[in-house]
Amino acid sequence: MSKYVTFEIFRYDPEKDKEPYYKSYKVEIRRPGMLILEGLNQIKWEQDPTLAFRRSCREGVCGSDGINVNGVNMLSCITKIEDLGSDHLVIQPLPGMPVMRDLVVDVTDFFNKFITVKPYLIRKSPTPDKEYYQSPEDRKKLDGLYECILCGCCSSSCPSYWADKDYLGPNAFLRAWRYLADSRDEGADERLPILNDKHGVWRCHTIYNCVEACPKELNPTKAIVEIRRMLMNRNY
């Protein structure tokens, strides 16, 4: 890989620009394993302070820095430039979400859909004297479901999410299954009608973009299949 990599970045400031455009920057690779986020910081701090992008924890935990690089959604803070195998990176905001400025998107709709599926334990039985008991075997069933960091990379990679503004999307389905699969939860009768809607799990075309895009290697498509099985078993 050359000492310099070109970042071709989507730029758009709705207060100044009539339409989006792309601007190229030369980023110096200053150490092995340099991250995309470090390249963006280098541009902002040394070349162009007007560039807007989100970042926070720098550890792949907060989920704030999802972007699209060479057509693939990823987190800038954990993706090494050298792993992409190219000296020309086209960097864009997450697709399917309204652009606020440059690489910053409006995630209001994404979080509203997350809330729609009631992402919390629902209990109807009397509250026990101590904690809600869960066996180690039942707890293990939640592995691969609870680790989501709400970065939006999965939903933003889904063509159904782009085409249907009311489609709940892979993230909402993964979160719904996380609670439907929880032995302590008693909220299936509240969630399943929401998921059985025409904008629900049946809209998924199982193309697995969401699985490929997830930086935590989770599997929303598998969750969708499990929800469909539960719907059929309960005669929805």
For residues 26-34, run the donor-acceptor check on the side chains, cut-off 3.5 Å, and write out each pair with its distance to 0.1 Å, sequence neighbours left out.
residue	atom	partner	partner atom	Å
Lys26	NZ	Thr6	OG1	3.0
Glu28	OE1	Arg30	NE	3.0
Glu28	OE1	Arg30	NH2	3.4
Arg30	NH1	Glu46	OE2	2.9
Arg30	NH2	Glu46	OE1	2.8
Arg31	NE	Glu38	OE2	3.3
Arg31	NH2	Glu38	OE1	2.7
Arg31	NH2	Glu38	OE2	3.3

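Scanning for salt bridge (charged side-chain N to carboxylate O under 4.0 Å, His left out) contacts around Arg191 gives Asp185, with sequence neighbours left out. With sequence neighbours excluded, the residues satisfying salt bridge (charged side-chain N to carboxylate O under 4.0 Å, His left out) with Lys124 are Glu190. Considering only residues two or more places apart in sequence or on other chains, Thr116 meets the side chain to side chain contact (heavy atoms under 4.5 Å, CB included) condition with Leu168, Ile194. In this structure Glu186 satisfies the salt bridge (charged side-chain N to carboxylate O under 4.0 Å, His left out) test together with Arg123, sequence neighbours excluded. Qualifying side chain to side chain contact (heavy atoms under 4.5 Å, CB included) partners for Asn209, counting only residues two or more places apart in sequence or in other chains: Ser157, Pro159, Ile207. The side chain to side chain contact (heavy atoms under 4.5 Å, CB included) test applied to Asn219 returns Val211, Thr221, Lys222, not counting sequence neighbours.
With a 4.5 Å cut-off on side-chain heavy atoms, Ile91 and Asn68 do not count as touching. Side-chain atoms of Asp109 and Met97, non-hydrogen and from C-beta on, never get closer than 4.5 Å to each other. No side-chain heavy atom of Ser155 sits under 4.5 Å from any side-chain heavy atom of Cys210. Annotation: side chain of Leu75 is not in contact with side chain of Leu37 (no heavy-atom distance under 4.5 Å). You'll find the side chain of Met230 stays beyond 4.5 Å of the side chain of Leu195, heavy atoms only. When side chains are defined from C-beta on, Val107 counts as touching Val105, because their heavy atoms get closer than 4.5 Å. With contacts defined as side-chain heavy-atom distances shorter than 4.5 Å, the pair Lys44/Thr50 does not qualify. Within the 4.5 Å cutoff, no side-chain heavy atoms of Leu145 are placed close to those of Leu218.
Once rounded to the nearest 0.5 Å, the distance linking SG of Cys151 with CD1 of Ile149 reads 4.5 Å. With values rounded to the nearest 0.5 angstrom, Arg175 atom CZ is found 9.5 Å from Ile115 atom CD1. For the atom pair Ile67 CD1 and Leu40 CG, the distance stands at 5.5 Å (nearest 0.5 Å). To the nearest 0.5 Å, the span separating OG on Ser156 from CG on Asn171 amounts to 11.5 Å. Expressed to the nearest 0.5 Å, how far OG of Ser86 lies from CD1 of Ile81 amounts to 11.0 Å. Distance CG/Asn196 to OH/Tyr236: 7.5 Å, rounded to 0.5 Å.
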Stepwise side chain to side chain contact (heavy atoms under 4.5 Å, CB included) test for Val5 and Leu84 = CA-CA 11 Å; Val5 171; Leu84 298 177; over 6 Å; no

Applying side-chain hydrogen bond (donor to acceptor under 3.5 Å, both in side chains), run through Glu212 and Asn73 and close with a yes or a no.
-> CA-CA 9 Å; Glu212 293 181 8; Asn73 290 352; over 6 Å; no

Given the rule in the side-chain hydrogen bond (donor to acceptor under 3.5 Å, both in side chains) test, do Gln134 and Ser183 qualify, once you have shown the distances and angles that lead to the verdict?
-> CA-CA 7 Å; Gln134 186 172 55; Ser183 60; 3.1 Å; yes

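Within the structure, ring-ring contact (aromatic ring centres under 6.0 Å, His included) contacts touching residues 177-222 (residues at least two apart or in different chains) do not occur. Sorted by first then second residue, the side-chain hydrogen bond (donor to acceptor under 3.5 Å, both in side chains) pairs that include residues 55-65, not counting sequence neighbours, are Asp65-Ser76. Within the structure, the ring-ring contact (aromatic ring centres under 6.0 Å, His included) test picks out no pair touching residues 77-133 (sequence neighbours left out). Pairs passing the salt bridge (Lys or Arg N to Asp or Glu O under 4.0 Å) check and including a residue from residues 226-236, sequence neighbours excluded, read Asp189-Arg234, Glu226-Arg229. Sequence neighbours left out, the pairs with a member in residues 140-154 that pass side-chain hydrogen bond (donor to acceptor under 3.5 Å, both in side chains) are Asp138-Lys141, Arg139-Asp143.
No continuous path of hydrophobic side-chain contacts links Tyr25 to Leu35 [ILVMFWY only; heavy atoms under 4.5 Å]. If you chain together hydrophobic residues whose side chains sit under 4.5 Å apart, Met232 and Val201 fall into the same group. Placement of Ile78 and Val69 in two distinct hydrophobic clusters is found when ILVMFWY residues are connected by side-chain heavy-atom separations under 4.5 Å, directly or transitively. Placement of Val99 and Tyr22 within a single hydrophobic cluster is found when ILVMFWY residues are connected by side-chain heavy-atom separations under 4.5 Å, directly or transitively. Leu180 is not connected to Leu121 by any chain of hydrophobic side-chain contacts under 4.5 Å among Ile, Leu, Val, Met, Phe, Trp and Tyr, and they are in different clusters.
Here the closest non-hydrogen pair linking Cys158 and Tyr167 is SG-CE2, 3.8 Å. Nearest heavy-atom pair, Phe7 versus Ile36, reported as atom, atom and distance to 0.1 Å: CE2-O, 3.9 Å. Closest non-hydrogen pair, Gly66 versus Leu94, comes out as O-CG, 3.5 Å. Shown here for Cys77 and Gly60, the closest heavy-atom pair between the two residues is SG-N, 3.3 Å. Across all non-hydrogen atoms, the minimal contact from Pro193 to Ala188 is CD-O, 4.2 Å.
Not one N or O on the side chain of Arg101 forms a donor-acceptor pair closer than 3.5 Å with the backbone of Arg11. Of the possible polar contacts, none joining the Lys216 side chain to the Cys148 backbone as a donor-acceptor pair under 3.5 Å is found.
Between Asp164 and Arg203 a salt bridge is recorded (basic side-chain N to carboxylate O distance below 4.0 Å). Salt-bridge formation is detected for the pair Asp48/Lys23: a Lys NZ or Arg NE/NH1/NH2 atom is positioned less than 4.0 Å from an Asp or Glu carboxylate oxygen.
In this structure, Lys113 is not positioned above the aromatic face of Phe173 in the sense of NZ or CZ being under 6.0 Å from the six-membered ring centre and within 45° of the axis.
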